[in-house]
Amino acid sequence: KRRIGKIKMKILLIDSPQKSVYGNLKEAFSKHPNLGLMHISANLKKEEHDIRVIDPEIQEINIDKLKDIINSFKPNIAGFSSMTSTIPWVYSTVKVVKAMNQKIITILGGYHATALPERTLKECPELDITAMGEGEYTLLELANNMDKDKIKGIAFRDGKNIVVNEKRPLLMNLDLLPMPDWDCLPLEKYKPHLHRSKSLKWTCVALSRGCPYDCYFCSSKIINQRMYRKHSVERVMEIFLELKKRGFDYIRIVDDEFALDQQWVHSICDRIIENRLEIKWDCNGRINLVNKDLLTKMKKAGCDSVFYGCESGSQEILDKMNKKITTQQITETVTLTHKVGLNADLSWIIGNYWDNKETIMETINLAKKLNKYANNQYINFAIPLPGSLFWELVAKENKACYDWSKYTLQNEPIYIPKNMTKQELMHLMSLAHKKIFMSPTLVWNKLKKIRSLDDLTSNIKGFFILNKAIKQWKGKSSS
């Protein structure tokens with residue numbers, strides 16, 4: 001075994017290019033800075049390891065430039081972060097790294113590696129270690145002492161065998177982590193989704209982790225184990241004040257369930273108001289967890305919009321996917337959010353395990369009905385992500401797809417529900433976008449919100465991107 005002790009390590013952390021996950025609509029979506037790598041970097045620097053973090057997509061680093069970085073930086077460890085759709089890119093890049101220097105220890109973390117640690121190592125012989133679960137202390141222990149047998153939360157090679165160590169316990173007190181390494185990535189290069197003003201200096205933060213719910217399509221539990229943990233209000237304010245000091249005027253809160261603890265959210269909003277912190281922000285909300293008092297307070301504290309995962313317009317499907325909400329609650333909450341003066345962004349999924357043409361049409365019709373109150377809507381094909389209950393259902397039928405490049409939200413369905421065809425699903429996706437996004441109600445709402453040339457340009461660009469995508473779906477549905 002290689003023992004490194006307290007020697008200062010040179011560690012290269014590499015994010016994977018993620019725009020491909022949005023498929024036909026990739027030009028309309030943004031990419032967030034990788035907060036996981038920012039936390040890992042800060043934790044490693046705290047013990048004086050030499051860290052470099054790169055985002056090849058944002059920094060326009062191709063393979064040749066990556067080779068130059070490796071030659072000049074000479075890392076001991078190359079750590080990768082990846083979602084399922086970008087696993088092929090990681091495999092090919094790991095191969096390049098190992099070809100340059102066999103001594104570089106290659107590590108992959110994230111939801112995919114956590115869900116399929118052994119398979120991932122078998123699929124990529126050049127990969128040395130998969131990190132399962134939260135990575136801050138796993139990477140720190142590996143950097144301090146490469147005694148793999150004793151490190152929780154990893155899988156690794158031992159000759160021809162693969163060893164999977166016991167799980168790493170969750171970090172229950174998030175305040176024990178240092179502040180994210182705000183300087184490790186060029187945050188100014190990250191831009192919001194197309195519908196947000198490009199004049200905003202925008203970034204994202206994570207203030208809590210985990211979700212106690214168990215929706216069948218979600219793989220979050222594979223890392224967070226359905227345990228909800230949050231920063232103290234004091235740490236939240238420290239984060240907001242630091243970002244305001246750095247000139248950011250819009251913050252995207254990426255937490256799975258930001259409003260789960262309403263008293264905590266009220267306290268954060270009160271502190272923002274007391275400090276007269278003029279900053280805009282948005283967050284994810286849950287249909288059944290918000291009310292008028294909370295939404296009103298959030299708006300007063302600078303909240304601009306709330307993103308709701310509605311998922312289906314069919315009560316039958318909502319119940320089967322274990323969503324724990326009703327279609328009536330969806331309508332009431334979206335209407336309430338609009339009346340309070342907040343933007344409501346809605347997400348829907350078609351092609352669920354139990355879906356059929358009738359249930360998908362229920363989804364399309366409810367989404368169209370809510371155009372009057374919604375700011376933006378997103379419709380995606382259902383994806384059986386490794387680690388989700390959906391994946392387990394599909395795997396039991398031997399229908400799991402192991403071509404990871406197909407795991408996009410928009411291009412083509414990976415799973416076809418029983419008694420449906422791929423062409424039918426493609427047609428319904430095209431129909432959904434045409435009925436919802438080309439409706440006079442939504443177009444008028446968009447026109448009313450135009451305040452600048454930037455807004456006008458974004459809307460025109462969005463129209464052409466959407467129209468192109470609709471034609472692609474329609475073409476594939478007839479082939």
Side-chain angles (χ1 to χ4, degrees), residues 32-43 45-46 134-137 170-185 187 190 192 196 200-213 220 223-224 226-286 289-291 293-308 337 340 342-343 345:
H32 295 163
N34 191 314
L35 289 166
L37 294 185
M38 291 166 68
H39 276 291
I40 290 170
S41 175
N43 214 40
K45 285 182 177 178
K46 187 176 67 173
E134 295 175 325
E136 289 90 353
Y137 287 97
L170 292 173
L171 179 65
M172 300 309 294
N173 184 355
L174 300 184
D175 285 0
L176 293 176
L177 290 170
M179 290 276 277
D181 184 357
W182 307 113
D183 299 310
C184 69
L185 287 167
L187 298 184
Y190 292 85
R196 296 265 184 256
L200 294 169
K201 189 172 180 184
W202 170 96
T203 194
C204 63
V205 297
L207 307 179
S208 67
R209 295 182 182 182
C211 171
Y213 290 89
S220 172
I223 286 181
N224 293 301
R226 296 177 64 192
M227 292 290 291
Y228 177 73
R229 299 148 292 144
K230 59 186 184 294
H231 280 299
S232 65
V233 175
E234 290 71 27
R235 170 56 76 87
V236 171
M237 287 309 299
E238 187 181 355
I239 291 170
F240 269 62
L241 288 166
E242 176 62 26
L243 291 174
K244 183 66 177 177
K245 179 182 173 183
R246 289 172 174 266
F248 291 100
D249 45 30
Y250 199 104
I251 297 174
R252 166 76 180 136
I253 300 173
V254 300
D255 306 22
D256 288 338
E257 295 293 354
F258 175 67
L260 186 68
D261 184 337
Q262 292 193 11
Q263 186 54 53
W264 179 69
V265 177
H266 272 289
S267 297
I268 291 170
C269 291
D270 286 338
R271 293 286 292 274
I272 291 173
I273 295 166
E274 289 167 10
N275 282 271
R276 297 181 179 178
L277 190 62
E278 294 184 6
I279 196 164
K280 292 289 185 183
W281 51 278
D282 64 48
C283 63
N284 298 324
R286 204 171 203 281
L289 292 182
V290 298
N291 54 47
D293 287 343
L294 183 66
L295 292 171
T296 302
K297 178 71 72 65
M298 287 165 56
K299 177 173 171 56
K300 189 177 179 182
C303 183
D304 173 73
S305 65
V306 184
F307 180 93
Y308 296 111
T337 303
V340 166
L342 290 169
N343 292 316
D345 294 340

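Keep in mind that the numbers below use all heavy atoms, side chains included, and drop hydrogens, waters and symmetry copies.
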Rounded to the nearest 0.5 Å, what separates atom [atom1] in [X] from atom [atom2] in [Y]?
{"X": "L241", "Y": "R246", "atom1": "CG", "atom2": "CZ", "value": "13.0 Å"}
{"X": "C269", "Y": "K299", "atom1": "SG", "atom2": "NZ", "value": "12.5 Å"}
{"X": "H266", "Y": "L294", "atom1": "NE2", "atom2": "CG", "value": "4.5 Å"}
{"X": "D282", "Y": "M298", "atom1": "CG", "atom2": "CE", "value": "9.5 Å"}
{"X": "N343", "Y": "T337", "atom1": "CG", "atom2": "OG1", "value": "10.0 Å"}
{"X": "K201", "Y": "L187", "atom1": "NZ", "atom2": "CG", "value": "8.0 Å"}

Would you call [X] and [Y] a side-chain contact if the rule is heavy atoms closer than 4.5 Å?
{"X": "N284", "Y": "V306", "result": "no"}
{"X": "H231", "Y": "E238", "result": "no"}
{"X": "I272", "Y": "M237", "result": "yes"}
{"X": "L277", "Y": "R271", "result": "no"}
{"X": "L260", "Y": "C211", "result": "no"}
{"X": "F240", "Y": "N275", "result": "no"}
{"X": "W182", "Y": "I239", "result": "yes"}
{"X": "D256", "Y": "Y228", "result": "no"}

Open item on the list: Assess, by modelled atom type and distance only, whether the side chains of N291 and Q262 contain a donor and an acceptor separated by less than 3.5 Å.
Closed with: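 There is such a pair between these side chains.
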TODO: Compute whether any side-chain donor of one residue and acceptor of the other, for D304 and Y250, lie under 3.5 angstrom apart.
DONE: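 Present: a donor and an acceptor within the cut-off.
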State whether the side chain of [X] and the backbone N or O of [Y] hold a donor-acceptor pair below 3.5 Å, judged by distance alone.
{"X": "R229", "Y": "L171", "result": "yes"}
{"X": "N173", "Y": "D175", "result": "yes"}
{"X": "K244", "Y": "E278", "result": "yes"}
{"X": "N43", "Y": "H39", "result": "no"}
{"X": "R252", "Y": "C204", "result": "no"}

TODO: Answer yes when R209 and E136 have at least one side-chain N-carboxylate O distance shorter than 4.0 Å, and no when they do not.
DONE: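 Looking at E136 together with R209, the answer is yes, because their closest N to O distance falls below 4.0 Å.
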[X] versus [Y], closest heavy-atom pair with distance:
{"X": "L174", "Y": "L207", "value": "CD1-O, 4.5 Å"}
{"X": "I251", "Y": "I279", "value": "CD1-CD1, 3.4 Å"}
{"X": "T203", "Y": "P33", "value": "OG1-CG, 3.9 Å"}
{"X": "M38", "Y": "C184", "value": "CG-SG, 3.7 Å"}
{"X": "S305", "Y": "D345", "value": "OG-OD2, 3.9 Å"}

Open item on the list: Would you call the rings of H32 and W202 parallel, tilted or perpendicular, taking 30° and 60° as the class edges?
Closed with: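 H32 and W202: tilted rings.
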Task: Passing option when S41 is tested against D181, N34, D183 for side chain to side chain donor-acceptor pair (under 3.5 Å) - done: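 One option only clears the test, and that one is D181.
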- [ ] Flag this pair as yes if the NZ/CZ of R286 is under 6.0 angstrom from the six-membered ring centre of Y213 and inside a 45 degree cone about the axis; otherwise no.
- [x]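 Verdict for Y213: a cation-pi partner in R286.
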Open item on the list: Determine whether I273 and K297 satisfy the following criterion, side-chain contact (heavy atoms from CB on, under 4.5 Å), listing intermediate values before the conclusion.
Closed with: CA-CA 9 Å; I273 295 166; K297 178 71 72 65; 3.9 Å; yes
Task: Derivation and outcome, salt bridge (charged side-chain N to carboxylate O under 4.0 Å, His left out), residues K280 and D249 - done: CA-CA 6 Å; K280 292 289 185 183; D249 45 30; over 6 Å; no
Open item on the list: Are W281 and F258 an aromatic pair, judged by ring center distance below 6.0 Å?
Closed with: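 Yes, the ring centres sit under 6.0 Å apart.
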Open item on the list: Does K46 have more than 12 heavy atoms from other residues, nucleotides or ligands lying within 6.0 Å of its NZ?
Closed with: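 More than 12 within 6.0 Å, yes.
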